[in-house]
Amino acid sequence: MGRSKRWETPWTLYDWDKITFEADGVTPKLTARVPAGIERKAQLREAQEDQLAVNLSALLSYDTSLKGDTISPLSQD
């Protein structure tokens, strides 16, 4: 069983038109925008997954002789 949590925080892009400045005449006037597909509020996403793991193994012995071939399981005593 696996669990995951992902905390998503919104982010903003700022753009400057290279013309306008703040009132001080030095600081560029930036325009804020949230990119498409970005949530405006922070959110926590949680997921839970069930996973089945199966491991199969076998030991076989292949014997050959003049009489014929035989395959037999090996025992681990």
Side-chain angles (χ1 to χ4, degrees):
M1 182 181 331
R3 293 182 181 186
S4 64
K5 293 182 180 183
R6 187 172 70 185
W7 182 252
E8 296 176 347
T9 55
W11 48 280
T12 305
L13 291 178
Y14 293 91
D15 188 34
W16 178 45
D17 62 7
K18 297 185 174 105
I19 298 171
T20 56
F21 291 89
E22 297 290 340
D24 63 7
V26 177
T27 308
K29 184 165 181 82
L30 301 177
T31 305
R33 69 178 181 87
V34 176
I38 302 297
E39 294 290 331
R40 294 184 181 271
K41 293 193 279 185
Q43 54 186 333
L44 176 64
R45 294 183 188 260
E46 297 183 71
Q48 182 173 342
E49 300 172 2
D50 291 336
Q51 181 177 352
L52 177 63
V54 176
N55 183 9
L56 299 175
S57 62
L59 291 173
L60 297 176
S61 171
Y62 179 76
D63 298 323
T64 183
S65 65
L66 296 175
K67 296 178 190 174
D69 297 337
T70 60
I71 296 177
S72 60
L74 291 177
S75 63
Q76 296 178 354
D77 293 330

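The chain is numbered in sequence order, starting from 1.
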Point to revise | Shortest non-hydrogen contact from Val26 toward Phe21 | key: O-CD2, 3.5 Å
Practice item. Taking the side chain as every heavy atom from C-beta outward, state whether Leu44 and Arg6 have any pair of such atoms under 4.5 Å apart. Key: no
Review point. For Glu8 and Arg45, what are the C-alpha separation, side-chain angles and deciding distance, and is it a salt bridge (Lys or Arg N to Asp or Glu O under 4.0 Å)?
Key: CA-CA 8 Å; Glu8 296 176 347; Arg45 294 183 188 260; 2.9 Å; yes
Study note, to complete from the structure: Output for pair (Tyr14 OH, Lys29 NZ), nearest 0.5 Å, gives 12.5 Å
Point to revise | Approximate separation, where rounding is to 0.5 Å, of Trp16 CH2 and Thr31 OG1 | key: 11.5 Å
**Study point:** Nearest heavy-atom neighbours spanning Thr12 and Arg33
**Key:** CG2-O, 3.4 Å
